[in-house]
Structure formats: structure tokens, C-alpha cells
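Worksheet: one structure, shown below.
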Amino acid sequence: MRRTRTRTRILTRTALAAGALAAVAAFAPAAGAATATTAPKTPVPAFLEPGDLPPHSSSQWFAQSPRHGQPELPLFCFEEVELPAAGTWVREYHTDLDTTARQLVVETGGNAEAQALAAELSDAAADCAADWLRENPGAGAAWDDYGTVDAADGARVFGVHVAPPQAGTGVRLFGIGRDGDTVTVVVWGEMGDLAQAPVTAFKDTTATALTKLGG
């Protein structure tokens, strides 16, 4: 049973640069983290292109090829959400610095199944900061619900910020949406806090991801 959703402001102070990198690494996708499976029978879904992501002030975005199958490592905030391996695709993105992104596309068995999965993912994102804080005494965490995105069958955007004790801070934006029987999750992250997250641009990115799914 999920706990009551709370907003908890940052508890820690200035962090060392090395600690900051460690905080991001705790929930950033590893390079090549997605595992490939045997050649899928279904066509590759339409993914975001690097230019669709929120612009970075000093770097281009780069993308790996889409991979069929679940990510090798559990997704931060979604560790307890079971994704169907046969219908899951992932694409990783990165900049020259610490900013990264990821898109998941999950093809389900029907609209009702997709709707239930999107709701479960949204609940997990909303509960993530509070759950993480309980598991990391002395740390700091915060979250925000940035509302809906009007594209396809709709999406919702959340922000999650974590700060381990005596370490740096990391921020993630999650866009979770659905087009018919297909669910997508778009993730953006870097060192920092919610105040510097590019929410408006990320909402545009989420809308683009859903539009591409619909062709």
C-alpha cells in the first residue's frame, strides 16, 4: 500500500563535486544499460530524436539506437513496476556533460492494460521522493506534479529531486503518457534541483513523444 504523498524540501547543504556526480549516478541510466533480445517481430516504435529533447546550454544531445527488451538496471522510481519484456523498447540519450535522458515505449495487450500501466507508473513517480526519503534517513528529497500534457490520450509530468547525506543532488523529470495500447515514459536528469529543471521544454518533449507514437 502506497504511503501518503508528501513534499519534503532539501535537508542537506552544499555538496562536493565528487559527491554530486555520485548522487546522479545513483539513478541515472548507465551507458548501454538496455539489453538487446532476439530480433523482434514487431516494427521499431517511433522514438524521440536528439533534437526533440530540452536544449542543453553547452552540449548537443546524442542518442543510441533503440533496443528491444527491458533495461538491464531497474529504473529509479519504477523498481516495483513490472514491464512486459516482449513489448518494451528503450532508447538512451546523453550530452557531453552529466545530463542524460531515456525513453521507454511499452506495447501492451490493449487500451485497458495500457491505461492501468500508465496509472501505476504515475503513482510510482508521485510517491518516489517520499519512499526514497524513508529508505535514506538523513537525506533530502522533494517532488512536484507539473500537470498534464495534451497529446494523444494524455500524459502527466513529475519532477523528483534527491540529495543523499554528504553528497550532491540529482533531479529527474518524468513524462508518462499513453496512445491507445502503447505507453511511453520519457526521463530527463542531471545534477541540481527542481528549480533548474526545464519543465516547459520537457512538456513539449513529452508531447512530441506521444505524437510520434501515433504516427
Side-chain angles (χ1 to χ4, degrees), residues 1-12 15 19-30 33-34 53-54 70-83 88 90 92-93 98-106 114-149 154-178 183-199 201-203 205-206 209:
M1 180 177 181
R2 293 259 175 208
R3 291 92 165 178
T4 302
R5 300 173 188 169
T6 58
R7 299 192 182 195
T8 309
R9 290 294 149 201
I10 179 69
L11 303 178
T12 55
L21 291 171
V24 174
F27 63 107
L53 294 163
Q70 297 188 21
E72 184 177 85
L73 300 176
L75 294 175
F76 182 73
C77 292
F78 306 122
E79 294 90 342
E80 297 182 6
V81 179
E82 185 175 351
L83 301 174
T88 300
V90 62
E92 308 280 1
Y93 309 83
D98 67 288
T99 309
T100 61
R102 169 185 283 175
Q103 184 184 3
L104 293 180
V105 174
V106 184
Q115 188 173 13
L117 177 59
E120 184 180 7
L121 289 163
S122 294
D123 286 345
D127 289 343
C128 183
D131 289 346
W132 186 88
L133 193 61
R134 278 187 288 269
E135 295 170 359
N136 295 271
W143 78 285
D144 213 336
D145 180 346
Y146 293 113
T148 59
V149 173
R156 198 164 200 94
V157 170
F158 300 89
V160 176
H161 163 63
V162 297
Q166 304 303 317
T169 65
V171 60
R172 272 286 190 271
L173 294 177
F174 300 97
I176 302 163
R178 179 176 69 91
V183 175
T184 191
V185 180
V186 183
V187 187
W188 170 98
E190 67 178 21
M191 293 185 295
D193 56 31
L194 292 174
Q196 67 192 57
V199 176
F202 184 76
K203 281 191 163 187
T205 294
T206 302

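Remember, it's a predicted structure, so these values are computed and weren't measured experimentally. Atoms considered below: every heavy atom in the structure, side chains included; atoms not considered: hydrogens, waters and symmetry mates.
Under the 4.5 Å side-chain criterion, counting only non-hydrogen atoms from C-beta, Ile176 is not in contact with Arg156. A 4.5 Å side-chain heavy-atom check between Thr205 and Pro54 finds at least one atom pair inside the cut-off. Side-chain contact between Arg102 and Pro71 is present, with heavy atoms from C-beta onward closer than 4.5 Å. For the pair Val160 and Trp132, the minimum side-chain heavy-atom distance is 4.5 Å or more. A heavy-atom distance below 4.5 Å is found between the side chains of Val157 and Val149. Looking at Arg172 and Thr100, their side chains come closer than 4.5 Å, going by heavy atoms from C-beta outward. Residues Tyr146 and Phe202 fail the side-chain proximity criterion, which asks for heavy atoms closer than 4.5 Å. Contact annotation: the side chain of Gln103 approaches that of Tyr93 to within less than 4.5 Å [non-hydrogen atoms, C-beta and beyond].
Of all the heavy atoms in Ala129 and Ala142, the pair that sits closest is CB-O, 3.5 Å. Pairing each heavy atom of Ala124 with each of Cys77, the nearest pair is CB-O, 3.4 Å. Across all non-hydrogen atoms, the minimal contact from Leu104 to Thr184 is O-OG1, 2.8 Å.
By the side-chain contact (heavy atoms from CB on, under 4.5 Å) test, Ala197 is found to be paired with Val171, Leu173, Trp188, Val199, residues two or more places apart in sequence or in another chain being considered. Evaluation of the side-chain hydrogen bond (donor to acceptor under 3.5 Å, both in side chains) rule for Gln196 yields Glu190 as partners, not counting sequence neighbours.
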Exercise. For side chain to side chain contact (heavy atoms under 4.5 Å, CB included), just list the numbers for Cys128 and Phe174, CA-CA rounded to whole Å, side-chain angles, deciding distance to a tenth of an Å, and then say yes or no.
Key: CA-CA 11 Å; Cys128 183; Phe174 300 97; 5.6 Å; no
Quiz item: After noting the C-alpha distance and the side-chain angles of Phe76 and Val162, does the key distance pass the side chain to side chain contact (heavy atoms under 4.5 Å, CB included) rule?
Solution: CA-CA 11 Å; Phe76 182 73; Val162 297; 3.9 Å; yes
Quiz item: Could you walk me through whether Thr169 and His161 pass the side chain to side chain contact (heavy atoms under 4.5 Å, CB included) check?
Solution: CA-CA 7 Å; Thr169 65; His161 163 63; 3.3 Å; yes
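For Asp145 (side chain) and Phe158 (main-chain N/O), no donor-acceptor pair under 3.5 Å exists by modelled atom type.
Of the inter-residue distances, the one linking Glu80 atom CD with Asp127 atom CG reads 10.0 Å to the nearest 0.5 angstrom.
The residue from Val185, Val183, Val90, Val106 that alone fulfils the side chain to side chain contact (heavy atoms under 4.5 Å, CB included) condition with Leu83 is Val106.
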